[in-house]
Structure formats: C-alpha cells, structure tokens
Amino acid sequence: MYHKEKSIQIKNSASALYNNLGVLRIAPRRLTYFTVVHANVVNMVSASWDGLNYSHRQLQSKEPNVATSTSLIMQAAFCVLPSRDLLVVTSQKGIQMYESDGSIMVYWHALDTPETPTAQAVFARGISAVWENYICVGVSSGAILVFDVPSKGSNITLSEVLEEHKESITDMASECSGSQECIADLVSADDGGNLCVWKSGEEFQLLNKIPGFDMSCSSVKLWKGTVVAGYGTGQIRLYEAVTGILHAEVNAHARWIYSLDIAPFSGLLLTAAEDSLVRVWHLTMTPETNSVEIAHLHNECVTDTQICGARFCDSDGYAFAVTGYDLSEIIRYTQT
C-alpha cells in the first residue's frame, strides 16, 4: 500500500520524545515544513514537493535576556488557525511561538519555576490549535494554558488556565474532521492515562473525564467526536468523546506507542511505537449505531529503530513521515 521514498537528511538526530515530528503542508508554495527536536534545538526542513530543493533552519530554545540556553525542548508543533499558522516550541523554561517558517519569534511565555528545586521537573508539553483563535499548551503541573491569538501581530494573551489534570500533560488534540456538529473540540491526556474532553469558547467547558489506569497516554487524537488514544501498553483505545463509551481496544503494538496521527478526510490512522513498527489503520463511522470501527491496513518495519514521531503529510493520508531516536533523517512513505 505504501512504499519508501528518498529520506530527508536533518542536521541532528531526533531525541526520544513523544510525537517528535511536526509537519505543515504549504500548498500554494508546493512546500512541506518538517520539524524534529534534538536536545535544545529544533531542526526545521523546508522540502519542495518534487524532492529537489531543501532548506534547513535551526531554532534554539531561547529565553529573553539570556545569551545561551541549556533548556531542553520537549516538543515542537505547527498550529493551524483560520487566520494564521504558527510554530509552537515548548521547553523546560517556557513556550515560544514563531511564524510558521521559523523566521520570527512572535511570543514568549515563561513557566513559573519554583525558587527551591523540587523533585518534579518543570516543562511544557502538549500543543494544539483550537477553534478560531486559541492555542492550548500543557504543562508539567497538569495545567493547560489557553492563549488567545490575534489574526496577526504579537499581541498574544494568556486568556485562561484549565486545572483539571493532576499529572503532567502528555499530549493534546483538537477536532480534526472539521465538522461543525461535533460538541467536543479538544482532548487532553496525562501521564496517568486520564483524558479530559473540552468544549472551547469564551470559557472552556469540561465535558467529560475518562479515567486512566495508571499507564501513560502518550498520544491522543480527536476525530468525528471520537477520542483515539495510544498508551504505554502498546494499546490504542477509541472512546466516544462526550459519553466516554469505549468503542474499541486494540493491542496494536508490542511496546510503548510514541505517536498517533489521523488523516481527517480519509479516516486513516497512523500509529508508531518503540517496537520499530508503523501501522496504518482505517476508521469508519457507522451512523446507524453511532459507533466507530477500526480495521488494520498496512505495516512498515523501520528496522532497529525506536520510532518517536510519525505524521501524515496531507489530509488524505497519501503520504506519511517517520522519525526515530538517534536517526538523522526523516523517512517518507507514499501510497503506491
């Protein structure tokens, strides 16, 4: 179903972090941007669709008024809002927001660090654009910071802090099918596997809390009112977002799942794990029963690689890209 394309070389290898791959397709310019985190650097590659031209950029985890930073970056993700696209970078010190090509930093938010060192590390992780003008970012305390983003300029404000999780946020996702009738439009996951389902607006509402079972939920997606969650057990679970009803539980991988992605137009689901496997599944909604079914379609084995990022490169799932720990390349696959 998929075949391997020529890899894209990157300046550094990928760190062993969940969801360590960002992809943004710039259709008018026939370009795709990729980001991969290595220690305190974000490696950014702009690749032309014909595969002939590449340009590289590296972003440091800057802090205002500090010459050099040793702050480790936890995640880099593209946030697509109706009026603009931003690249959001989270670290142990704070949250940086850049124009999508990485050229200009438009906003910096420092994390509250305790005066005395504590046993718990401080960091931000879990990034999602929500609705028309919000970007939500999770922090290690379990709080979710909601930023109100104007259509242009740098006048970004922290509009709300959601305090429902008691453990570090691992990942967040907004409704990706684009359908307006979905009530829930944000899901957040934490280290204990707990999921919170939200409705955005002037004030965010908690719609549902799906309890975990003491196993981290490393990656989560929301599609047509269904939460798709990947766990440290190698399982994926499909829940109805608003009621929390479990539709399906699949023993998808032998090791920890590091990344999930959904192609919203086709319902294809990508899962990637420490077991060196990337799997493609197909999700279908059955309107009569209002349930979701999942079928396995395809396997790719990336030999001797602990996979840490996997993303579709388009909304149909025609192509996907994969990163692996200690690998200085982005591996691409396209449908045959």
Side-chain angles (χ1 to χ4, degrees), residues 10-12 14-15 17 19-26 28-29 31-47 54-113 121-140 143-161 169 171-172 174 309 311 323 330:
I10 48 177
K11 300 282 188 191
N12 300 98
S15 292
L17 300 167
N19 308 303
N20 190 2
L21 176 63
V23 177
L24 179 66
R25 185 180 162 92
I26 313 285
R29 296 172 58 200
L31 288 175
T32 304
Y33 294 154
F34 297 92
T35 57
V36 181
V37 174
H38 171 85
N40 62 339
V41 174
V42 178
N43 294 288
M44 189 168 178
V45 183
S46 165
Y54 299 101
S55 68
H56 295 265
R57 169 173 264 149
Q58 289 191 314
L59 305 176
Q60 297 279 343
S61 66
K62 291 193 198 78
E63 297 157 56
N65 317 322
V66 179
T68 57
S69 169
T70 54
S71 169
L72 286 176
I73 294 175
M74 302 301 290
Q75 196 182 3
F78 292 104
C79 287
V80 177
L81 293 163
S83 58
R84 69 196 295 190
D85 301 339
L86 292 175
L87 171 62
V88 180
V89 177
T90 62
S91 71
Q92 295 172 313
K93 298 286 189 200
I95 297 156
Q96 296 162 251
M97 297 189 190
Y98 291 86
E99 295 295 354
S100 59
D101 61 358
S103 58
I104 301 162
M105 185 161 85
V106 292
Y107 183 72
W108 157 261
H109 176 87
L111 291 177
D112 297 330
T113 47
V122 175
F123 58 85
R125 176 178 63 190
I127 304 163
S128 184
V130 187
W131 205 45
E132 293 184 355
N133 57 316
Y134 295 114
I135 288 178
C136 295
V137 181
V139 289
S140 48
I144 296 168
L145 310 182
V146 181
F147 295 96
D148 194 335
V149 181
S151 56
K152 55 179 188 289
S154 57
N155 190 23
I156 295 167
T157 53
L158 176 63
S159 65
E160 200 177 348
V161 179
I169 303 292
D171 195 23
M172 259 189 289
S174 59
R311 283 273 181 274
T323 56
I330 298 168

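All values derive from a computational prediction rather than experimental measurement. Any value given below was found using the heavy atoms of this structure, including those in side chains, with hydrogens, waters and symmetry copies removed.
- Proximity of a side-chain donor or acceptor of Ser140 to a complementary backbone N or O of Ala121 within less than 3.5 Å is detected.
- Take Arg29 and apply the side-chain contact (heavy atoms from CB on, under 4.5 Å) test, not counting sequence neighbours, and it matches Ile26, Leu31, Tyr33.
- Of all the heavy atoms in Gln96 and Trp108, the pair that sits closest is CG-CE3, 3.5 Å.
- The CE atom of Met105 sits 12.5 Å away from atom CG of Leu86, with the distance rounded to the nearest 0.5 Å.
- Rounding to the nearest 0.5 angstrom, the gap separating the CG atom in Leu24 from the CZ atom in Arg311 is 12.0 Å.
- In this structure, Thr323 contributes its side chain and Leu21 its backbone to no donor-acceptor pair below 3.5 Å.
- The backbone N or O of Leu72 sits nowhere less than 3.5 Å from a side-chain atom of Ser61 that would complete a donor-acceptor pair.
- Listed by chain and number, the residues in a salt bridge (Lys or Arg N to Asp or Glu O under 4.0 Å) with Glu132 amount to none (sequence neighbours excluded).
- Rounding to the nearest 0.5 angstrom, the gap separating the OG atom in Ser100 from the CG atom in Leu81 is 11.0 Å.
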Note to self: Set out, in order, the CA-CA distance, both residues' side-chain angles and the distance that settles side-chain contact (heavy atoms from CB on, under 4.5 Å) for Val137 and His109, then state yes or no.
What the structure shows: CA-CA 11 Å; Val137 181; His109 176 87; over 6 Å; no

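- Within the 3.5 Å criterion, the main-chain N or O of Gly153 finds a donor-acceptor partner in the side chain of Arg84.
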Practice task
Decide side-chain contact (heavy atoms from CB on, under 4.5 Å) for Ile95 and Phe147; before the verdict, give the C-alpha distance in whole Å, the side-chain angles of both, and the deciding distance to 0.1 Å.
Solution key: CA-CA 11 Å; Ile95 297 156; Phe147 295 96; 4.0 Å; yes

Applying side-chain contact (heavy atoms from CB on, under 4.5 Å), run through Asn20 and Val36 and close with a yes or a no.
-> CA-CA 6 Å; Asn20 190 2; Val36 181; 4.0 Å; yes

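- Looking only at distances, a side-chain donor or acceptor of Ser91 sits under 3.5 Å from a matching main-chain atom of Lys93.
- When all heavy atoms are compared, the tightest approach of Phe34 to Ala47 is CE1-CB, 4.0 Å.
- Under the 4.5 Å side-chain criterion, counting only non-hydrogen atoms from C-beta, Asn12 is not in contact with Ile10.
- Residues satisfying the side-chain hydrogen bond (donor to acceptor under 3.5 Å, both in side chains) test with Thr32, not counting sequence neighbours, are Trp49.
- Smallest separation of non-hydrogen atoms from Ile73 and Leu17: O-CD1, 3.5 Å.
- Residues Ile156 and Pro150 approach most closely at CG1-CD, 3.8 Å, considering heavy atoms.
- For the residue pair Ser128 and Cys79, the shortest heavy atom distance occurs at C-SG, 4.1 Å.
- In this structure, CD in Gln58 is found 9.0 Å from NE2 in His38, a value given to the nearest 0.5 Å.
- Not a single donor-acceptor pair under 3.5 Å links the side chain of Gln75 to the backbone N or O of Arg125.
- Considering all non-hydrogen atoms of both residues, Gln92 and Leu111 come closest at O-CD1, 4.0 Å.
- Considering Ile127, Leu87, Val89, Val106 as possible partners of Met97, the one that fulfils the side-chain contact (heavy atoms from CB on, under 4.5 Å) test is Val106.
- A donor-acceptor pair is defined here as one N or O able to donate and one able to accept, closer than 3.5 Å; no such pair exists between the side chain of Asn133 and the backbone of Asp148.
- The CG atom of Asn43 sits 13.0 Å away from the CZ atom of Arg57 when rounded to the nearest 0.5 Å.
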